[in-house]
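Because the structure is predicted, anything quoted here is derived from the model rather than measured.
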Amino acid sequence: MKLVITPGFALQGELRLAGDKSLSHRAAVLAALAEGESRIENFLLAGVTGDMLRALAALGVAWRLEDSTLVVEGRGLGGFSPPGQSIDCGNSATTLRLLAGAVAASGVPAVLDGSPGLRRRPMGRIVAPLQAMGVEITAQEGRAPLILPPAPKPLRAISHTLEVASAQVKSCLLLAGLAADGPVHLYEPALSRDHTERMLKAMGVEVVSEAVVHGEGLAYHTCLTPPGERPLLPLQLELPGDISAAAFPLVAALITPGSHVVIKHVLLNPTRTGLLDVLQAMGADLRVVVQGQAGGEPWGDIEARSSRLHGVEVAGELVVRMIDEFPAFAVAAAFAQGRTVVRQARELRYKESDRIAALCTELRCLGASVAETPDGFILDGRGYLDGGQVDSHGDHRLAMALAVAGVAARGAVGVCGGEIVAESFPDFSAVMQQLGAHVETEEGC
């Protein structure tokens, strides 16, 4: 399917988005490990969260949907049932990595597999530390399928240093650590998103996070103390809107003359707001107001007006705080004036696509002056992009970013493989149309 976006329409309106994808994933798996009924309102119903729910069902977890509320009957830490066959995690690396930790904590045997795209994603980062905990997990050259035999109880407590800041790796090891024989210590070179820690605290688990001197420099230390015989408390919460999804209408408003968009009740966890900080540094007219907390997560409203943007440099901890938003950011940089430089972002090469290569390739199709580097890119913004036909590379965030480029380009933009947006933002086209964008679908490419 091709998404075709025709420019020339200012964006106006107020939105409230479905629940954050990262929170939805974690809430589902943690609710399964709790004892008792959890109710999670505003749960994101999308391709990747569907993969998680089907996987939990394969492990014997009963759940149901009441409109957008997910109700989960928790099985407790040791309550999973051995699946009758390999668990298909689809294209969701989050599902596979979080489940690896949860299955290890439960102790049941399982095989975790997925799409050809997922089989290309690196899994050695979780295999080695899980093996150190006593899990005899195996992988094919560090990639899926992952084979987990019955795990010993309890698992061994570890002190592990992550080479790259990764919330998925950290979360996998924290989930496994729930069944460890002592505190689990994890060290990251930068602070990755901390949703798992916040949610575990809300469920009664002792988790402490702090910046410390470790090795040759500063690190971010997370220590989880296993609950032992105490059960995890069930969840009762409403999820704030997905800030990664919000990036697309926000950037669209900034680059489209005459636009004014407000997004209500959106997640504002500081480990996820790097894009907002960078856009403001580019001169964006953004107003961000924290309104409250839910499950330990701050939420609020974001207001965006069309703006004259200029190039910036992004590196270091900012990369970690906006790792999923680079496709939207790159489009903003293309419509800005001046040079944008991204460094220390090699992790982008291991997403649903090689996002560095794919972004540079497709933005050049729209007339951008952009050069790929080993760990980022250099983009000379001219304040505009041309129309044209581009490809999603099977990457949901790349597809939506390229579609956003179409709202302000000099001609229509057609995104081949546009159906992939349903992986994380099924309502993308409807939301953009609600704001006034002209979005159509066509067969083929």
Disulfide (SG to SG under 2.5 Å) pairs touching residues 234-307, sequence neighbours excluded, are none
Are side-chain heavy atoms of Lys170 and Glu197 found at a separation under 4.5 Å? yes
| said: Would you call the rings of Phe9 and His438 parallel, tilted or perpendicular, taking 30° and 60° as the class edges? | reply: parallel
Requested in this report: Using a 4.5 Å cut-off on heavy atoms from C-beta on, say whether the side chain of Leu59 contacts that of Leu99.
Outcome: yes
Practice problem: Using a 4.5 Å cut-off on heavy atoms from C-beta on, say whether the side chain of Leu173 contacts that of Arg125. | Solution: no
Worksheet item: Asp113 and Arg119: salt bridge (Lys or Arg N to Asp or Glu O under 4.0 Å), yes or no, with the steps?
Response: CA-CA 7 Å; Asp113 204 355; Arg119 285 187 169 194; 2.5 Å; yes
- Message: I want to check something: taking the side chain as every heavy atom from C-beta on, are Phe425 and Asp242 in contact at a cut-off of under 4.5 Å?
- Response: no
Sequence neighbours excluded, the answer for ring-ring contact (aromatic ring centres under 6.0 Å, His included) partners of His221 is His185, Tyr187
Report task. Begin with the C-alpha distance, continue with both residues' side-chain angles, and end with the deciding distance and a verdict on side-chain hydrogen bond (donor to acceptor under 3.5 Å, both in side chains) for His393 and Glu362. Result -> CA-CA 9 Å; His393 294 258; Glu362 301 309 321; 2.6 Å; yes
Start with the C-alpha gap between Arg305 and Glu303, add the side-chain angles, then the distance that decides, and say whether salt bridge (Lys or Arg N to Asp or Glu O under 4.0 Å) holds. CA-CA 7 Å; Arg305 297 177 185 271; Glu303 184 176 8; 3.3 Å; yes
Carboxylate-amine/guanidinium contact Asp395 Arg355, below 4.0 Å = yes
Heavy-atom check, side chain of Val164 versus side chain of Arg346, under 4.5 Å:
no
Between Met322 and the options Asp277, Ile243, Leu279, Leu275, the side chain to side chain contact (heavy atoms under 4.5 Å, CB included) test singles out Leu275
Check your understanding: Can you tell if the side chain of Val314 reaches within under 4.5 Å of the side chain of Thr340, non-hydrogen atoms only?
Key -> no
Open item on the list: Any carboxylate oxygen within less than 4.0 angstrom of a Lys/Arg side-chain nitrogen, looking at Arg272 and Asp20?
Closed with: yes
Can you check side-chain hydrogen bond (donor to acceptor under 3.5 Å, both in side chains) on Glu297 and Asn269, steps first, answer last? CA-CA 6 Å; Glu297 297 281 359; Asn269 182 310; 2.8 Å; yes
query = Are Arg193 and Ile323 close enough that some pair of their side-chain heavy atoms sits under 4.5 Å apart?
reply = yes
Scanning both residues in full, the closest heavy-atom pair of Asp391 with Leu402 reads O-CD1, 3.6 Å
Residues at least two apart in sequence or cross-chain that pass disulfide (SG to SG under 2.5 Å) with Cys445, listed by chain then number, are Cys416
* Asked: Is Leu232 close to Leu178 at the side-chain level, that is, under 4.5 Å between some pair of heavy atoms?
  -> yes
* Asked: Less than 4.0 Å between a side-chain N and a carboxylate O, is that true for Arg64 and Glu73?
  -> yes
One should read off an interatomic distance between Leu175 CG and Ile126 CD1, to the nearest 0.5 angstrom, of 10.5 Å
Notebook entry, point to check: Between Ser22 and His195, does a side-chain hydrogen bond (donor to acceptor under 3.5 Å, both in side chains) hold up when you go through it step by step?
Noted result: CA-CA 8 Å; Ser22 291; His195 304 312; 4.8 Å; no
*Please test Glu352 against Asn91 for side-chain hydrogen bond (donor to acceptor under 3.5 Å, both in side chains), starting from the C-alpha separation and ending with a verdict.*
CA-CA 8 Å; Glu352 285 81 346; Asn91 203 37; 5.3 Å; no
**Study point:** Salt-bridge present (Arg343, Asp375; N to O < 4.0 Å)
**Key:** no
Between the CG atom in Leu98 and the CD atom in Gln168, the distance rounded to the nearest 0.5 Å is 7.0 Å
Note to self: Go through it in stages, so that I can follow the logic: the residues are Lys351 and Glu423, the test is salt bridge (Lys or Arg N to Asp or Glu O under 4.0 Å), and I'd like the CA-CA distance, side-chain angles, deciding distance and then a yes or no.
What the structure shows: CA-CA 14 Å; Lys351 294 294 185 177; Glu423 286 287 280; over 6 Å; no
To the nearest 0.5 Å, atom OG of Ser166 lies from atom CG of Leu186 at 11.0 Å
